[in-house]
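What follows is a set of notes on a single structure, which appears directly below.
Letters A, B, ... mirror the listed sequences (proteins, then strands); counts begin at 1. Keep in mind that the numbers below use all heavy atoms, side chains included, and drop hydrogens, waters and symmetry copies.
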Amino acid sequence: MTAKTYKRYLITSALPYANGPLHLGHLAGVYVPSDIYTRYLRQRDRDVISVCGSDEHGVPITLKARKEGITPQEVVDRYHGINKKAFEDFGITFDIYSRTSNQVHHETASEFFKTLYEKGVFIEKTAEQYYDEEAATFLADRYITGTCPHCGNSSAYGDQCEQCGTSLSPTDLVNPVSTISGSKPVRKETKHWYLPLDKYEPWLKQWILEEHKEWKPNVYGQCKSWLDQGLHPRAVSRDLDWGVPVPVEGADGKVLYVWFDAPIGYISATKELTPDWEKYWKDEETRMVHFIGKDNIVFHCIVFPTMLKAEGSYILPDNVPANEFLNLENEKLSTSRNWAVWLHEYLEDFPGKQDVMRYVLCANAPENKDNDFTWKDFQNRNNNELVAILGNFINRAIVLTHKYFEGKVPELTSLTEQDQATLKEIEIIAQSVERSLENFRFREAIKTAMDLARLGNKYLADTEPWKIIKSDPERVKTILNIALQISANLTLLLDPFLPFSMEKLRGFLNFEGRSWDLIGTESLLAPGHPIEKASLLFEKIEDEQIEQQLEKLHITKEDNDESAEATPLQPEITFDDFTRMDLRTGTILEAEKVPKTKKLIKMQVDLGFEKRTIVSGVAEYFKPEELPGKKVSVLANLAPRKIKGIESQGMILLSENPDGTLHFVEPSEKAVNGSEIN
RNA sequence: GGCGAGGUAGCUCAGAUGGUUAGAGCGCAUGAUUCAUAAUCAUGAGGUCGGGAGUUCAAUUCUCCCUCUCGCUACCA
């Protein structure tokens, strides 16, 4: 809660990375809340702009381009287009949806770097890195493959071995190879710039831990965790040819690291939007709010503020209402496993139902913890809430008006106590919604807003106009007038949440009012004002539609299980290569968990001619007590390696299923310990 | 293993600087009602607030330990 009042608002929403399409998780975590908040502020006639755009730099995009044989620009053009359209289709109304590959951004980011550079903010460090002489370029970690020093996988990447999951540094690799030219890279010195986050630690502690105790617990806690662990300088440049070039002499072939470059995208988008951009970024009377997912907390709460602080002339975010993650039918969303509801596919299956999804995602937003999206819940909320409560109330009010008063708003005659209480309630509800929105409690806000429709239903049920129309038509005039005023108020109150449906409802009512301040007014519709015949605001979603969606996911799951993308075959080796591996049969004698680790088990393995101690990371799938007696295959001549202080003398062979489960490669019972495996 | 977040009715979630009968929506049951997309309205049944110990006159709310889920981090096949 900010005691301070602000003149204007700058809303930023996390820049989606332009190497894939958007799914429900993105919408629920970031864009629906940010859009609701922005629409609300606009409706209050606040000076507000909402900026977003595609994050288009970074190594994954260059890799995707290489894989598909197109340029990085072509990759980002494609997804920028798709995602921009998806946002528009869902009514996410950014004032600008820009992109970091455009010129304004390049200039802005470049200038920002230069300012910090000239102020002497950065630390310069020179380190050895692999260089491809044929391609005349330094190699990003992902562009180098080689043999993993841990598991012997010969196609490990420079940053990680996907076979054993170890994170690596390129210099760890045995026999490194450049994936660009296939040549053997050489080590060469290269200079990089680092942002000394550690120096800003005291300031960050004061700013966040003391001055922003009102941030959400998940955000505050995450920041505290980082600050308590101690911050380290972070490199802001990379050797890569895709990105914003480092604007310093002698920095050829270097670009700004994508995390440095991306948040500046908020600034450049604003610049592109308005020549007045500085008043949004450099005036203390602007309230800046970052909408992000939890994966971005550290960048928006620690790194970017540090950059802004170091630059000196920018304001800092006042709040960062980060959401947690959304699961789908009880499983984590996953782009690579296609476990997602893609925005464009949703609209194909449910055309015109943007608001239904907006509603469900807001009502069940992962505000405090990870939440689950299920199709059944989607159907229930649509049928029981949007259709039964909201749509039905509107329909009742309009149908009755046509039935009794030829579609003209009847006049308000005398008000009973209940009438007055009902009208008063509108304002109370509106204030409550307002409070929730100001505090970024969107699920509470939408629930409260729906109470207005509930109020309408209750009012009709209590006053029973259909009963008294014959005995007291004057009274019915008042009743329907109030029911219609509630409907008009609903268009105002629900507009931030359900913009498409409220547009439609305004059409039914021939109502043009948009201002939030009108809410609570009891004469939004003048007596005699004509309204249209109602069509349905929301329609029921049938079981078959839900089953279809579940079937779709079911198929995805089967595909994943069965034809799980076969990992590409390793490069061919010779028979000699093979014979260098000494594989033996063994039996596990004892096994115990290595203390203070999550996955490691220490085993004694009988190889017949000797006993070995082997440490293996299988504790997540096997209990130590079930291991003794198990036959295993052992790579016996692997160089010993110290793991958690224990020397592991060899490696036990395991196969890994697509779902990550591990299984021993078990020789048959008849195999004698120590026998060679050929 | 360390750190952070979370574990509250069948489901999805609120809440409490510790204090009388712990809340909402959906679902369920019963009743009312028919203007309405079999929609609505009322009433009700459901919870030893993850488990254990401690502090206190009093804990679901504070402290400690344990456990489960998610994330970050370390270690790692």
For the side chain of A/Ser225, counting heavy atoms from C-beta on, which of B/C72, B/C3, B/U33 is nearest?
-> B/C3
Quote, to the nearest angstrom, the C1' distance that separates B/U60 from B/U48.
-> 10 Å
Option among A/Glu444, A/Arg443, A/Gln431 that satisfies the side-chain hydrogen bond (donor to acceptor under 3.5 Å, both in side chains) test with A/Ser436 = A/Glu444
Is there a side-chain contact between A/Leu498 and A/Leu390 (heavy atoms, below 4.5 Å)?
-> yes
So which nucleotide from B/C35, B/G15, B/U37 ends up closest to the side chain of A/Arg441?
-> B/G15
Looking only at atom C1', what distance separates B/G7 and B/C66, rounded to whole Å?
-> 14 Å
Under the rule syn = chi within 90° of 0, otherwise anti, which is B/G23?
-> anti
Could you give the distance separating B/U34 and B/C26 at their C1' atoms, to the nearest angstrom?
-> 24 Å
If you measure from the C1' atom in B/A14 to the same atom in B/A74, how many Å do you get, rounded?
-> 36 Å
Using a cut-off of strictly less than 4.0 Å between a heavy atom of the residue and any atom of RNA chain B, enumerate the qualifying residues of residues 395-404 of chain A by number.
-> A/Asn395, A/Arg396, A/Val399, A/Leu400, A/Lys403
Pairing residues for A/Asp472 by the salt bridge (Lys or Arg N to Asp or Glu O under 4.0 Å) criterion, not counting sequence neighbours = none
Please check if any side-chain donor atom of A/Asn368 sits under 3.5 Å from a side-chain acceptor atom of A/Glu324, or the reverse.
-> no
Please state the P separation for the pair B/G46 and B/A39 - nearest whole angstrom.
-> 26 Å
Can you sort out the partners of A/Glu434 under salt bridge (Lys or Arg N to Asp or Glu O under 4.0 Å), two or more places apart, ordered by chain and number?
-> A/Arg44
Using the P atoms only, state how far B/G1 lies from B/C65, rounded to an integer number of Å.
-> 13 Å
With the side chain of A/Asn392 defined as its heavy atoms from C-beta on, choose the nearest nucleotide among B/C70, B/A39, B/U37.
-> B/A39
Between protein and nucleotides 26-28 of chain B, what N or O pairs are separated by less than 3.5 Å?
from  : atom 1 : to       : atom 2 : distance (Å)
B/C26 : O3'    : A/Asn384 : ND2    : 3.2
B/G27 : OP1    : A/Asn384 : ND2    : 3.2

According to the interplanar angle, ranging from 0 to 90°, do the rings of A/Tyr37 and A/Phe291 count as parallel (below 30°), tilted (30 to 60°) or perpendicular (above 60°)?
-> tilted
5'-most by nearest nucleotide on RNA chain B - A/Leu537 or A/Ala461 = A/Leu537
Nearest-Å distance, NZ (A/Lys447) to C1' (B/A24)?
-> 4 Å
Between A/Lys216 (NZ) and B/G71 (P), how many Å, whole number?
-> 17 Å
Can A/Lys353 and A/Asp355 be said to form a salt bridge (Lys or Arg N to Asp or Glu O under 4.0 Å), step by step?
-> CA-CA 5 Å; A/Lys353 293 204 194 303; A/Asp355 279 351; over 6 Å; no
Assert yes or no for the condition that the ring centre distance of A/Trp375 to A/Phe350 is strictly below 6.0 Å.
-> yes
Identify whether any heavy atom of A/Lys294 sits under 4.0 Å from a base atom; if not, whether one sits that close to sugar-phosphate; answer base, sugar-phosphate or nothing.
-> sugar-phosphate
Take atom P in B/G47 and the same atom in B/C11, then report the distance between them in whole Å.
-> 13 Å
Answer with yes or no whether the side chains of A/Arg381 and A/Asn364 bring together a donor and an acceptor at under 3.5 Å.
-> no
On RNA chain B, check which nucleotide each of A/Ala388 and A/Glu464 is closest to and give me the residue with the more 5' one.
-> A/Glu464
Determine the Euclidean distance between corresponding C1' atoms of B/U63 and B/A59; express it in Å to zero decimal places.
-> 11 Å
Whole-Å distance, A/Tyr459 OH to B/A36 C1', equals 17 Å
Checking all strands, does A/Tyr220 fall into the base, sugar-phosphate, or nothing category for heavy-atom contacts under 4.0 angstrom?
-> nothing
For A/Lys224, does the NZ atom have more than 12 heavy-atom neighbours from other residues, nucleotides or ligands under 6.0 Å away?
-> no
Under 6.0 Å between the ring centres of A/Phe378 and A/Tyr359?
-> no
Would you please classify the geometry between the A/Phe442 ring and the A/Phe440 ring as parallel, tilted or perpendicular, with 30° and 60° separating the classes?
-> tilted
Could you list, one pair per line, each protein nitrogen or oxygen that sits under 3.5 Å from a nitrogen or oxygen of nucleotides 5-12 of chain B, together with the distance?
from  : atom 1 : to       : atom 2 : distance (Å)
B/U12 : O2'    : A/Asn364 : OD1    : 3.0

Pair assignment for RNA chain B - dot-bracket with | for other-strand partners, Watson-Crick or G-U under 3.5 Å | (((((((..((((.....[...)))).(((((.......))))).....(((((..]....))))))))))))....
Got a second to check how far A/Arg441's CZ is from A/Leu437's CG, nearest 0.5 Å?
-> 11.5 Å
At under 4.0 Å between heavy atoms, what does A/Lys467 touch on the DNA or RNA strands: base, sugar-phosphate, or nothing?
-> sugar-phosphate
Using atom CD1 of A/Ile394 as one end and atom P of B/U37 as the other, report the distance to the nearest whole Å.
-> 14 Å
May I have the distance from A/Ile446 (atom CD1) to B/A14 (atom P), rounded to whole angstrom?
-> 15 Å
Cationic tip of A/Lys294 within the cone over A/Phe325's six-membered ring, i.e. under 6.0 Å and within 45° of the normal?
-> yes
Side chains of A/Leu197 and A/His232: closer than 4.5 Å at any heavy-atom pair?
-> no
